[in-house]
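Worksheet for the structure shown next.
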Amino acid sequence: MQPEHSNKYYLRLECDNGLFIGQKLDISVKNDPLRPTLTPSTLKVEEGTSVSLKCSAPAPCLSHPPTLTWTPSLGHSQETLEENQDKTKVKTSVVTFTASHLHHRQEISCTAVYNKQDGSTESSVITSLTADISYSPKHTTVSVSPSGPVPVDSTVTLTCSSTANPAVRNYTWYRADGGQETFIGTGRVLNIKASEVSGPFFCKAENDLGAGRSNISQIDVQYSPKHTTVSVSPSGPVPEDSTVTLTCSSTANPAVRNYTWYRADGGQETFIGTGRVLNIKASEVSGPFFCKAENDLGAGRSNISQIDVQYSPKHTTVSVSPSGPVPEDSTVTLTCSSTANPAVRNYTWYRDDGDQKTFIGTGPVLNIKASEVSGPFFCKAENDLGAGRSNISQIDVQYSPKHTTVSVSPSGPVPEDSTVTLTCSSTANPAVRNYICYRADGGQETFIGTGPVLNIKASEVSGPFFCKAENDLGAGRSNISQIDVQYSPKHTTVSVSPSGPVPEDSNVTLTCSSTANPAVRNYTWYRADGGQETFIGTGPVLNIKASEVSGPFFCKAENDLGAGQSNISQIDVQYSPKHTTVSVSPSGPVPEDSNVTLTCSSTANPAVRNYTWYRADGGQETFIGTGPVLNIKASEVSGPFFCKAENDLGAGRSHISQIDVQFAPQILFSSDCTKTADQLNCSCETVGKPSPTLQWYLDGLPFNHSDKFAISNKPLNETSLRSIITVNQPQWRNLSTLFCRSSNSVGSATQRFYVYSVEPQTSAQSHDQVKMTVSIIIVVALLVVVCALLLVIRAQKTRHNLPKGTVVVSELLTSGEGNEVPNTTEDDIYVNASVLRQEDVAHPAAVSEPNNGDSPSSGPNNAEGADKNSEKKNEGGSDVVYASVDWKSKSKKKKKEEDAVDMDQPGSSYLEEERCMVGGMSRNYVSNAMEMGSLYDNVEPRNVKREVECEYAQVQFKKKSEKK
């Protein structure tokens, strides 16, 4: 329905009988609903009261009740839906809060929002009230006019502001004097002298409910310094030499910027210093003084102050009456004067007798015999703070010399070589004109010298002496004096018992003697170890082992003045050699062919007469040489060695020494190849120092462990290494160029292994087996012939008498010696080739080479000296292998570096052998071509010394293509 639908409406009910019933209904439609009701309708409470406001709004449509909202949000509200007595519905909301001054004059409203049934825009109605909250004064503040700094005598306006309900009825002003509040005035606005509120102040506002207080305020009241005062520390009397602290205090705004101190000297101001605090000597301000404080507005001056500066007597003087010379027995009047604060209370008179002050009398005036003050005198004035002394005065009292004394400087004991000063003192007037010193030698006086002061050697007056003083009136004589002349120990000597040579382990008695004053108090014994003194013992007599003083020694005697040292002594302590040591030059690793110098050192008495060198070969000592210095090949002392030193009493032996001799690698003759049914094992053994490394080569290229070649390396000791290569049978054909190479930092060596494989014989050749036996017999017969020849050559060789100890080892010949002429005819050795086919042969050949980076290589070289070659073939067509043997004589040493022999042709082998002396043993024969390897196995690696005359055999296997 809309507002325009407001009208009177009638309801009529018609019946069949013609009757009807009618009813009138007034409907009023309005745009806005009724306003909500607030209970209570007004709010007037004190601050802090708990308030509950209730808002009620009609709810004509229960399905759409109104929503009630409080503005502002005062706290938690609780809503309910109630029913009136007339059955109408009403929605209520009650909010509860505590009244605060912040709620005063605040409009509190309740808004009811209705949602229309047709879904159109909602309608809202509001009912509000204004809160009247009573509270005590709050936000109390003070304002000052004018603001900022103000002169001390100006008027300022203070205004106190505060909020309160009911309104403030009283304003009161206070000055905050520390913890005390001093009343200033009343009223919201207060006009007052700035000087009255120069300190902190505040205002208080009051109404019926309480009071509010402003924060502390302060006016910047500016004024020139005032209340300027001086304080002195310490207060009261102070000594004149003490320091006093003067403090100038003043109140001022702005603050005092200058403090100045003055002394009031009559009508004149004398500047003393500046600063608020002045530390100054009391004597500088002993008169009246004051301080002045200044700021930008003016200056303030303190009252005159004065310090009670107290001081001991000063300006003390003596006057004598009568003045001038006086006889010794006459009377004189002495007067003492002095200034002091407090006043002098004692006057005392003294005679100045040198270092001694002799009392004469007391009082400011003294009448005394002239003889009593004939010497220098003075007076002393005393008060509570100290004393003042006059200058030395003297009366010219005349008399003959008296009180004659002798003083010695230095006093007391004096060193004998020092100079002493003898001073003869005497009082006389007129003055002494002669001073004479005498030595009292028994009843005789021996003249020493003249003069009041005599500088003389202490040794010249070590006996009694005195002095005599003379003037025109007479003479005076001193008492007898004597000087205690002291000296450090001298004439210090050492005696030894027994004298002469003594065994090292015997006891000797050492005695130290010396003269000294005061007496010697310490005797100390030392051994003179070069520039160092080694303590041995103490006491004038020392019993000691001779070995402990075998070197130079001395004794030292000490007293309070010094020490005396004896001459260096030495006991002839005899002992066998000891501390025997060996030194090697050069030190460290040395090449095996180099020379080393061995030096044997030992201490002995009598001196060492024999030095002998030995090599420690296990439990055996092998003689090397003699002499303290031995120049020798490093290879001769590569093992442990020592030296022995001998004298008449015994021998001393050094510790075992060893030289680190380094040599190039050598491949041992034990290196060879062995085979089984399906494997070939080649072993390469090498020795060298530093420890060498081994590398295998095939066709000139290095190779390592793989699935085709099994390589294992095993160190035998610090210098030896063994490498084993294992090859399966199918690979034998490819090993004709198999090398092993050993190298270290000194050099390298290469071993080539000749491995040949003969093709398996066919069935057509099986009939040659019978004839192979004949071939073997022929080969054996030829070898017997070779052995016979070697025996003949050996018999001739023994005539050459090789030097003892010469070691000659065999070595492979190279193709470079083809210029040598054979000395025997060539012999042929035949063997049936079928025998060789039954078992493959591996022939090792060793080649030494210098240390270089080249890989082993080979090339075709023909064996020298083969002056006749022929071929044979047996009846069955079988191949026959034969060997030609050439005997040759060496005319010169072979080169140290030789080329490897090339034997790349299948079915062939090459081997050379020298016939030389090896350790005194001659190799007489070669039983067969393969026995050479076993001969090499027995030769240990060592330095090779080749003889000029050597004989060797060259054996060459050849394949016969036809019968000779």
Side-chain angles (χ1 to χ4, degrees), residues 230 232-246 261-266 268 270-273 278-289 304-326 328 330-399 403 405 407 425 427 429 431:
V230 169
V232 180
S233 178
S235 61
V238 294
E240 73 174 326
D241 294 329
S242 64
T243 298
V244 294
T245 300
L246 308 181
W261 297 85
Y262 297 93
R263 188 167 53 243
D265 297 329
Q268 185 178 359
T270 303
F271 172 79
I272 298 175
L278 181 66
N279 293 310
I280 194 168
K281 285 281 187 185
S283 57
E284 296 182 39
V285 285
S286 58
F289 65 93
I304 297 295
S305 299
Q306 192 159 356
I307 302 173
D308 183 8
V309 179
Q310 295 192 336
Y311 52 92
S312 60
K314 52 187 175 180
H315 310 306
T316 305
T317 60
V318 169
S319 62
V320 181
S321 178
S323 61
V326 295
E328 161 176 47
S330 62
T331 298
V332 293
T333 300
L334 308 179
T335 303
C336 186
S337 303
S338 184
T339 60
N341 181 26
V344 175
R345 54 179 172 78
N346 290 321
Y347 289 93
T348 312
W349 298 86
Y350 297 91
R351 187 168 57 243
D352 189 1
D353 297 329
D355 294 335
Q356 185 179 3
K357 309 298 182 287
T358 303
F359 173 78
I360 298 175
T362 60
V365 178
L366 181 66
N367 293 310
I368 195 168
K369 283 283 187 180
S371 58
E372 296 182 37
V373 285
S374 58
F377 66 94
F378 62 91
C379 76
K380 186 184 289 184
E382 294 174 284
N383 67 358
D384 295 334
L385 298 180
R389 174 174 161 168
S390 70
N391 291 330
I392 299 295
S393 299
Q394 195 159 358
I395 301 174
D396 188 9
V397 179
Q398 294 191 340
Y399 51 90
H403 310 305
T405 59
S407 63
S425 303
T427 58
N429 192 20

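No experiment lies behind these values; they were computed from the predicted model shown.
Asp396 has its side chain within reach of Asn429: a pair of non-hydrogen atoms, C-beta onward, lies under 4.5 Å apart. Residues Trp349 and Val318 are in side-chain contact: their nearest non-hydrogen atoms beyond the backbone lie under 4.5 Å apart.
Note: Tyr350 OH to Phe359 CZ = 7.0 Å, rounded to the nearest 0.5 Å. From Tyr262, atom OH reaches atom CD1 of Ile272 across 10.0 Å, with rounding to the nearest 0.5 Å. To the nearest 0.5 angstrom, Ser242 atom OG is 10.0 Å from Gln310 atom CD. Distance check: Ile307 CD1 to Ser235 OG gives 10.5 Å after rounding to the nearest 0.5 Å. Rounding to the nearest 0.5 angstrom, the gap separating the OG atom in Ser312 from the CD atom in Glu240 is 6.5 Å. Atom OG1 in Thr348 sits 14.5 Å away from atom NZ in Lys357 (nearest 0.5 Å).
Checked by atom type and distance alone, the side chain of Thr339 pairs as donor or acceptor with a backbone atom of Lys314 at under 3.5 Å. A donor-acceptor contact shorter than 3.5 Å links the side chain of Lys281 to the backbone of Asp241. One N or O on the side chain of Ser390 and one on the backbone of Cys379 form a donor-acceptor pair closer than 3.5 Å.
When all heavy atoms of Tyr347 and Ala381 are compared, the pair lying nearest together is CE2-CB, 3.8 Å. Residues Gly386 and Pro313 share a closest heavy-atom pair of O-CD, 3.5 Å. Nearest heavy atom pair, residue Asn383 against residue Ala343, reads CB-O, 3.4 Å. Across all non-hydrogen atoms, the minimal contact from Pro234 to Thr243 is CD-O, 4.3 Å.
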Which is it for Lys380 and Asn346 under the side chain to side chain contact (heavy atoms under 4.5 Å, CB included) test, yes or no, and what are the steps along the way?
-> CA-CA 8 Å; Lys380 186 184 289 184; Asn346 290 321; over 6 Å; no
Dump the intermediate steps for side chain to side chain contact (heavy atoms under 4.5 Å, CB included) on Val344 and Glu382, then the final yes or no.
-> CA-CA 5 Å; Val344 175; Glu382 294 174 284; 5.6 Å; no
Take Thr333 and Ser321 through the side chain to side chain donor-acceptor pair (under 3.5 Å) test and state the conclusion after the steps.
-> CA-CA 5 Å; Thr333 300; Ser321 178; 5.4 Å; no
Could you go through the side chain to side chain contact (heavy atoms under 4.5 Å, CB included) check for Leu334 and Phe377 one step at a time?
-> CA-CA 10 Å; Leu334 308 179; Phe377 66 94; 3.8 Å; yes
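Of the residues listed (Val365, Thr317, Val320), the one engaging Thr335 in a side-chain contact (heavy atoms from CB on, under 4.5 Å) is Val365, and it is the only one.
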